[in-house]
Amino acid sequence: MNKKIILSSFASLFFLSQAANAEIKIGQGSLTFNASVASQYITRGIDQNKDSATPSVGADFTIPAGEFNLYVGAWVSGSDINLGASQERDYYLGVNKAFGITTLDIGYITYNYPSVTDKSLNNAEYYAKLTVAPEKKPYTFGIAYYLDDTNGVKSSSGVKSDKDYYEVNATYDFGVAQGLISYGVFDNDTKTTTVSLSKELIGVGFTLSYINAQQDNTAVSQINKDRDYVTLTAKKVF
């Protein structure tokens, strides 16, 4: 990986951490922005950018909608997972609502690779997340389900397969840092265990993660062997 890219990206985030909060009020809603850099871009145990340092930026707009909170957002990242891709652009829309100690989040997300010639590589999902956060307790529990909305995803050999994703996770606040452990199953592709610690320093959130990805041994798997990663991510919301 390019150490100069990592250092310059982290330096940019340190600069942003000194900037005033740029949250913009629009009626009853609010618009926020985020920027991050990761030593590697790993999703569901799959390397998305050839083991390279990866910057990303995003924006989110939230507004009350009756008893729910409505949100819409966009996120752009470097990506080299698909042939001809240099960038990934995600767009999402959803609603969430708290029911006592439980929060329900449902929505729709699309993943787009504008520079690829094969547009079938673009894909989308419906998702539902449930998080339980007992009041005054240092822990949370969560489950998530992502339903493929593209009639399966093609492998490099042209084989299609369902690509739903399931995850269970838990967090614990140790005081000095926030811990997270999760286990996810990406149908016909990977089974991924993630253990991470997060800490905010000078306005920037840092996350150190260990990721173990087990190949599902199918024709459409995007990894050809089991892999382990150790990644560092820095993120600033402003």
J.: Measuring from Asp164:CG to Asp187:CG, what's the distance to the nearest 0.5 Å?
T.: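 Those atoms lie 5.0 Å apart.
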J.: Rounded to the nearest 0.5 Å, how far does NZ of Lys129 lie from CG of Leu104?
T.: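 Separation between the atoms: 11.5 Å.
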J.: Looking only at non-hydrogen atoms, find the nearest pair between Thr102 and Val132 and report the distance.
T.: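 Reported closest heavy-atom pair: OG1-CG2, 3.9 Å.
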J.: For Ser196, run the side chain to side chain contact (heavy atoms under 4.5 Å, CB included) check against Thr207, Leu208, Ile181 and tell me which one passes.
T.: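 One option only clears the test, and that one is Thr207.
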J.: Return yes if a side-chain donor-acceptor contact under 3.5 Å exists between Tyr41 and Asp80, otherwise no.
T.: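 Side chains of Tyr41 and Asp80: no pair found under 3.5 Å.
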J.: Would Leu130 and Val95 show up in the same hydrophobic cluster when neighbours are defined by side-chain heavy atoms closer than 4.5 Å?
T.: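 In one cluster: yes.
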J.: Can you see whether Ser56 engages Ser36 through a side-chain donor-acceptor pair at a distance of less than 3.5 angstrom?
T.: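 Side chains of Ser56 and Ser36: pair found under 3.5 Å.
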J.: Only one of Thr233, Asp51, Asp47 passes side chain to side chain donor-acceptor pair (under 3.5 Å) with Gln40; say which it is.
T.: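 In the set Thr233, Asp51, Asp47, the residue that makes a side chain to side chain donor-acceptor pair (under 3.5 Å) with Gln40 is Asp51.
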J.: Do Val168 and Val195 land in one hydrophobic cluster if side-chain heavy atoms of ILVMFWY residues count as linked below 4.5 Å?
T.: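 Val168 and Val195: separate clusters.
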J.: With sequence neighbours excluded, give me every side-chain hydrogen bond (donor to acceptor under 3.5 Å, both in side chains) pair touching residues 131-143.
T.: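 Every pair satisfying side-chain hydrogen bond (donor to acceptor under 3.5 Å, both in side chains) with a residue in residues 131-143: Thr140-Thr171.
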J.: Checking Tyr111 against Glu125 for the side-chain contact (heavy atoms from CB on, under 4.5 Å) test, could you report, in this order, the C-alpha distance in whole Å, the side-chain angles of both residues, the deciding distance, and whether it holds?
T.: CA-CA 9 Å; Tyr111 308 91; Glu125 297 171 320; 2.7 Å; yes
J.: If you look only at pairs with a residue in residues 201-220, which of them pass as a salt bridge (charged side-chain N to carboxylate O under 4.0 Å, His left out), with sequence neighbours excluded?
T.: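 Applying salt bridge (charged side-chain N to carboxylate O under 4.0 Å, His left out) to every pair that reaches into residues 201-220, excluding sequence neighbours, yields Lys191-Asp216.
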J.: Under a 4.0 Å N-O cut-off, is there an ion pair linking Asp148 with Lys163?
T.: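 Result for this pair is no, no salt bridge flagged.
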J.: In chain order, what residues pass the ring-ring contact (aromatic ring centres under 6.0 Å, His included) check against Phe68, with sequence neighbours excluded?
T.: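 In terms of ring-ring contact (aromatic ring centres under 6.0 Å, His included), with neighbours along the sequence ignored, Phe68 is linked to no residue.
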J.: If I compare all heavy atoms of Thr54 with all of Gly78, which pair ends up nearest, and what's the gap?
T.: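 The answer is CG2-O, 3.3 Å.
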J.: Take Lys97 and Glu67 through the side-chain contact (heavy atoms from CB on, under 4.5 Å) test and state the conclusion after the steps.
T.: CA-CA 7 Å; Lys97 178 176 173 57; Glu67 297 183 353; 3.7 Å; yes
J.: Check the pair Gln87, Val76 against side-chain contact (heavy atoms from CB on, under 4.5 Å), reporting the backbone distance first and the verdict last.
T.: CA-CA 7 Å; Gln87 190 180 92; Val76 180; 3.5 Å; yes
J.: Classify the ring geometry between Phe186 and Tyr165 as parallel (under 30°), tilted (30 to 60°) or perpendicular (over 60°).
T.: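 It falls in the perpendicular class, over 60°.
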J.: Atom CD1 in Ile211, atom OG1 in Thr193: separation rounded to 0.5 Å?
T.: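 Those atoms lie 10.5 Å apart.
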J.: I'd like to know if Leu93 and Tyr145 are part of one continuous hydrophobic network [Ile/Leu/Val/Met/Phe/Trp/Tyr, side-chain heavy atoms within less than 4.5 Å].
T.: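 Result: yes, single cluster for both.
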J.: Shortest non-hydrogen contact from Pro55 to Ala53?
T.: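 Between these two residues, the closest heavy atoms are CD-O, 4.0 Å.
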J.: What is the distance from atom CZ of Phe206 to atom OG of Ser198, rounded to the nearest 0.5 Å?
T.: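 If I round to the nearest 0.5 Å, the distance is 11.0 Å.
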J.: Quick check: is Val57 connected to Leu31 through a chain of hydrophobic side chains (ILVMFWY, heavy atoms under 4.5 Å apart)?
T.: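 Not linked; separate clusters.
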J.: Do Ile143 and Ile101 belong together in a cluster built from hydrophobic side chains that touch within less than 4.5 Å?
T.: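 Not linked; separate clusters.
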J.: So, taking the atom named OG in Ser79 and the one named NZ in Lys50, what distance separates them when rounded to the nearest 0.5 Å?
T.: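 Those atoms lie 10.0 Å apart.
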J.: To the closest 0.5 Å, what do you measure between OG1 (Thr43) and CG (Asn49)?
T.: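 CG of Asn49 is found 10.5 Å from OG1 of Thr43.
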J.: Please identify each residue that fulfils ring-ring contact (aromatic ring centres under 6.0 Å, His included) with Tyr229, with sequence neighbours left out.
T.: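 Tyr229 satisfies ring-ring contact (aromatic ring centres under 6.0 Å, His included) with no other residue.
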J.: Who pairs with Tyr91 by ring-ring contact (aromatic ring centres under 6.0 Å, His included), at least two apart in sequence or on another chain?
T.: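 With sequence neighbours excluded, Tyr91 shows a ring-ring contact (aromatic ring centres under 6.0 Å, His included) to no residue whatsoever.
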J.: For residues Gly179 and Leu197, report the shortest heavy-atom separation together with the two atoms involved.
T.: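 Gly179 and Leu197 have their closest heavy atoms at CA-CD2, 3.9 Å.
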J.: Could you pull out all residues at least two apart from Lys25 that satisfy salt bridge (charged side-chain N to carboxylate O under 4.0 Å, His left out)?
T.: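 Glu23.
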J.: For the residue pair Asn34 and Ala59, what are the closest heavy atoms and their distance?
T.: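 For Asn34 and Ala59, the tightest heavy-atom pair comes out as ND2-N, 4.0 Å.
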J.: Scan side-chain atoms only and decide if Asp228 and Asn212 contain a donor-acceptor pair under the 3.5 Å cut-off.
T.: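 Asn212 and Asp228 do have a side-chain donor-acceptor pair below 3.5 Å.
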J.: Please test Tyr127 against Asp105 for side-chain contact (heavy atoms from CB on, under 4.5 Å), starting from the C-alpha separation and ending with a verdict.
T.: CA-CA 8 Å; Tyr127 60 84; Asp105 183 354; 3.9 Å; yes
J.: With a 6.0 Å cut-off on the ring centroids, do Phe33 and Trp75 count as close?
T.: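 Here the rings of Trp75 and Phe33 have centres that are no less than 6.0 Å from each other.
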J.: Looking only at non-hydrogen atoms, find the nearest pair between Tyr108 and Ala124 and report the distance.
T.: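 Answer, listing the atom of Tyr108 first, then Ala124: OH-CB, 3.3 Å.
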